[in-house]
Structure formats: structure tokens, C-alpha cells
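The block underneath contains the structure these notes are about, expressed in C-alpha cells.
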Amino acid sequence: MARVYISIGSNIDRECNITAALDALDVWFDRLLISSVYESESVGFDGTPFYNLVVGVDTALTVAELSARFKQLEADNGRRRDVPKFSARTLDLDILTYDNEVGSVDGVELPRGEILKNAFVLLPLAEIAPADVHPVCGKRYEALWQGYDRDQKLWPVDFTWQGRLISRAAAS
């Protein structure tokens, strides 16, 4: 079994699409390790804020099998591929890591570069896997987050899934 971390994001009908992604992952995998849900400003284009989170799963599926499932799930939820890369999207699922694999695996670059670049990926990953080590730079995700110095704003939001609160907004 491989430990896989998956980034999930949406800025169109966010609650519905994030719920659809979690529902599908819950069917496919025995146990989901779910971060808080964060709202963040769009990066790379002007658009409505995103909801983002990271989910950890253990799986025997290959990177290719995971990638195919995620692309189908995105399509099933209205994801369009005929628009610019940096644009609004209903649902975006990315494989962040697959065990300690490094390099191009089944056409997927691992670990995903956004881990070290984007707060909306690194913070939720550090939240659910603080002691895990980035397979290239060798630092723990918790330490990477503590050293993060880019100006990307994000904040936790209340989010309920399957009748339970999985994420809570920060107290004011």
C-alpha cells in the first residue's frame, strides 16, 4: 500500500464540489485523513476565492489509475479542460505525493511542485502530515510551513461533511 496525499480545490459551487470529491474518495478508499478546509485567494488569475484541502489515503492503485479516476471525477463534476490553465474550476484534484516517489511517474511529476510554492497546499499538508518528510528537500512538512514566507492569504472555514464538522473557521 502506498500513502498518497491529494490536493482538492474548487472555486465554483465550492461546497457541492468538495463534498462530491470527498464522497468519491470515501467510496474508493478505506480511510480518509482529511485536513481543514481553507478558503484562499485565487493564485495566477483574478477570480473568486477557492476552497482547498488535502486528503491522505493508503492505496494499492498506481499513479496512472489514481490520475485517471481523478480526471474522470473532475469531468463528472463539470471540470472543463478547454479553458486557460489559470481559471475558475469546479473541481481540481492533484496527486501531491505517492509514497516517496520522485520524478515523472505515469506522466505525473512527483512530488508536486505546488507543495513548496502554495500556502493552500502546504498548510493543509502540514496539518495532517506534520512529521512526514518532503521526498526531495528532506524537510518535514511542519518545518516547511513554519519557514513559509510567501504572501498568500488563506483562512480555515466551517465545513460539514457527512453530518460532521470537519473544519472550523478561526475564532475572531
Under 3.5 Å, is there a donor on one side chain and an acceptor on the other for [X] and [Y]?
X	Y	value
Tyr141	Gln146	no
Asp132	Tyr5	yes
Glu114	Ser7	no
Asn52	Ser40	yes
Trp161	Asp26	no

Are [X] and [Y] joined in one hydrophobic group, where the rule is that I, L, V, M, F, W and Y side chains link up if heavy atoms are under 4.5 Å apart?
X	Y	result
Trp28	Ile6	yes
Met1	Val27	no
Val102	Leu144	no
Leu116	Val133	no
Val55	Leu165	no

Main chain of [Y], side chain of [X]: is a donor-acceptor contact present, judged purely on distance under 3.5 Å?
X	Y	value
Asp158	Ala169	yes
Asn11	Thr48	yes
Glu65	Thr62	yes
Thr160	Gly163	no
Glu127	Ser35	no

Return the [atom1] to [atom2] distance between [X] and [Y], rounded to the nearest 0.5 Å.
X	Y	atom1	atom2	answer
Phe159	Arg14	CZ	CZ	10.0 Å
Leu73	Leu93	CG	CG	5.5 Å
Leu22	Ile166	CG	CD1	5.5 Å
Gln162	Leu32	CD	CG	8.0 Å
Asp94	Arg112	CG	CZ	3.5 Å

State, yes or no, whether a side-chain contact exists between [X] and [Y] at a heavy-atom distance under 4.5 Å.
X	Y	answer
Glu39	Leu154	no
Pro111	His134	yes
Ile95	Val4	yes
Glu74	Asp92	yes
Asn118	Gln152	yes
Glu15	Ser10	no
Phe50	Phe120	no
Glu101	Val63	no

Begin from the C-alpha positions of Ile115 and Thr97 and carry the test side chain to side chain contact (heavy atoms under 4.5 Å, CB included) through to its verdict. CA-CA 9 Å; Ile115 294 171; Thr97 63; 3.8 Å; yes

Of all the heavy-atom pairs spanning Tyr148 and Lys117, show the shortest one and how long it is. OH-O, 2.9 Å

Looking only at non-hydrogen atoms, find the nearest pair between Pro130 and Arg140 and report the distance. O-CB, 3.5 Å

Which of these passes side chain to side chain contact (heavy atoms under 4.5 Å, CB included) with Ile8: Asn17, Val54, Leu91, Val37? Leu91

Looking at Asp58 and Arg3, is any side-chain nitrogen of the basic one under 4.0 Å from a carboxylate oxygen of the acidic one? yes

Does the pair Phe29 and Leu61 meet the rule for a side chain to side chain contact (heavy atoms under 4.5 Å, CB included), with working shown? CA-CA 10 Å; Phe29 305 106; Leu61 295 173; 4.2 Å; yes

Under the side chain to side chain contact (heavy atoms under 4.5 Å, CB included) rule, what do Val157 and Tyr38 come out as? Steps first, then yes or no, please. CA-CA 6 Å; Val157 297; Tyr38 293 89; over 6 Å; no

